[in-house]
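Structure record follows, encoded as structure tokens.
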2 protein chains.
Amino acid sequence: MRILKYAILGLVDKGNLSGYDITNCFQEEIGHFWSATHSQIYPELKKLTQEGFIQFETLIQGVKLEKKMYSITTLGRRELHQWLVHSMIIPQTLKDAFMLKAYFFSAMDLDEAEQQFSDQLKMRSEKLAYLNERMNVLQNNDDFNLSPKSQHFGNYLVLTRAIEREQGYTSWLKNSLALMEQGKE
Amino acid sequence: MRILKYAILGLVDKGNLSGYDITNCFQEEIGHFWSATHSQIYPELKKLTQEGFIQFETLIQGVKLEKKMYSITTLGRRELHQWLVHSMIIPQTLKDAFMLKAYFFSAMDLDEAEQQFSDQLKMRSEKLAYLNERMNVLQNNDDFNLSPKSQHFGNYLVLTRAIEREQGYTSWLKNSLALMEQGKE
DNA sequence: CTGGACATGTAATGTGTTACATGATTTG
DNA sequence: CAAATCATGTAACACATTACATGTCCAG
């Protein structure tokens, strides 16, 4: 399905970027939902250039450090758009190794299971706090508003989803821990 | 990290299974969170046998159809347990291609984006209805109860999480669609 | 002048999917 | 007797991570 292809096309469509920039993008908001390292990105950029979806211009930083700034072509924008409006089936499996532990619950002692769940709850609560902080930063932008016309709307959608995802996970963990507590009596 | 290794150990620990049985397990509840096809499973079973974590007995079905029933060894059970009680860090990326579309929102027209979101909402609502049905079936088991001592508890945890996950996703989709509607005015 | 960030690449390995390949058993 | 299911395997390819490899630039 070559999702990375479309991830790169979408990022480059938003604004010209180098491979290094793209690598960094995956450390920000969108990185909660898709990422890749530079070892995957550079070959993909080469391939997309060969296919005519993107093109680059070499810039010199300082005296001789070369930097390839990529921009999307008309062909690339068409390719991206086609993917965006094409219906996407939901995958039957969304891998989550922790849920294997939950499924194998009876292979643990009750206190071991509780430890696992509370450990996970701690980490997810911290992540949730971090995400809420990021949301604060986003909403404190001078030009922030909830309109789909806002340049921040995509970012807002991604952040709300990330927050909702962690909130759901933490509340499920809490409910499960409560059931374990009750089960002790 | 060899998650499949532990998935297989956990399943075989619950009860002796053949490669074919394991393949089918991934079509059931746990398949919402982990899965693999037989082309991955058979080689892994071979490897785990060589490593001494599982062993098999060949059964004859009918006249000559051979079936390898696997069981976990003491070494395998120790290996599984060690993994279960080992703290598991949460992955920074949980891939979701639809969220790329959300992030690239501004590369679509508003009506195209709405179409994508409502399309996704329809599919996720259907999945949610299916999951609720499965929960009904589970709760109608004669010996069902919410105790962590119940043999169904692992299955219950997995189902509640799957339901929570889809519920969260659908409500985020609905909220996002509402914002798009408001943005039109 | 050094450590961290900037910048780009390839190689090796691990994981996962689709296709190829074969044959037995059961159910209608 | 034909179709679906049971049952096991390998090969080719696609995707992803970690390691290898090199060099520049800037701030303290």
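This one's a predicted model, so the numbers in the text were calculated from it and none came from an experiment. Every chain is numbered from 1 and lettered A, B, ... according to where its sequence line falls, protein lines coming before strand lines. Just so you know, these numbers use all the heavy atoms, side chains as well, and skip hydrogens, waters and symmetry mates.
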task = Would you check if the side chain of B/Lys149 reaches a backbone N or O of A/Gly183 as a donor-acceptor pair within less than 3.5 Å?
result = yes

task = Say whether, by atom type as modelled, one donor and one acceptor occur between the side chain of B/Thr93 and the main chain of B/Lys95 under 3.5 angstrom.
result = no

Nucleotide [N], atom [atom2] - distance to [atom1] of [X] in whole Å:
X       : N      : atom1 : atom2 : value
B/His38 : D/dT5  : NE2   : P     : 16 Å
B/Glu44 : C/dT15 : CD    : P     : 8 Å
B/Ile3  : C/dG16 : CD1   : P     : 8 Å
A/Asn16 : C/dA7  : CG    : C1'   : 17 Å
A/Met1  : D/dA14 : CE    : C1'   : 11 Å
B/Ile41 : C/dT15 : CD1   : P     : 15 Å
B/Lys95 : C/dT17 : NZ    : P     : 12 Å
B/Gln27 : D/dA4  : CD    : P     : 17 Å

ask   = How about B/Tyr169 and B/Asp96: does a side-chain donor come under 3.5 Å of a side-chain acceptor?
value = yes

message = Check for me whether B/Arg161 meets the cation-pi criterion with A/Tyr103, that is, NZ or CZ under 6.0 Å from the six-membered ring centre and within 45 degrees of the ring axis.
response = no

query = What is the nucleic acid contact for A/Ser39, judged by heavy atoms within less than 4.0 Å: base, sugar-phosphate only, or nothing?
reply = base

ask   = What is the nucleic acid contact for A/Lys5, judged by heavy atoms within less than 4.0 Å: base, sugar-phosphate only, or nothing?
value = nothing

query = Nearest to the side chain of B/Gln40 - C/dG16, D/dA7, D/dA16?
reply = C/dG16

ask   = Of the nucleotides C/dA19, C/dC6, C/dT8, which has the atom closest to the A/Asn24 side chain?
value = C/dC6

key: Earlier contact from the 5' end, DNA chain D, for B/Ser18 and A/Arg2   = B/Ser18

ask   = Any idea which heavy atoms bring B/Leu84 and A/Ala107 closest together, and the distance?
value = CD1-CB, 3.7 Å

task = Look at the aromatic rings of B/Trp172 and B/Phe117 and report parallel, tilted or perpendicular, splitting at 30° and 60°.
result = tilted

ask   = For the residue pair B/Tyr156 and B/Phe153, does the interplanar ring angle fall in the parallel (under 30°), tilted (30 to 60°) or perpendicular (over 60°) class?
value = parallel

query = Given C/dC6, is OP1 or OP2 found less than 4.0 Å from the side-chain N or O atoms of A/Tyr20?
reply = yes

task = Using a cut-off of strictly less than 4.0 Å between a heavy atom of the residue and any atom of DNA chain C, enumerate the qualifying residues of residues 46-72 of chain B by number.
result = B/Gln61, B/Gly62, B/Val63, B/Lys64, B/Leu65

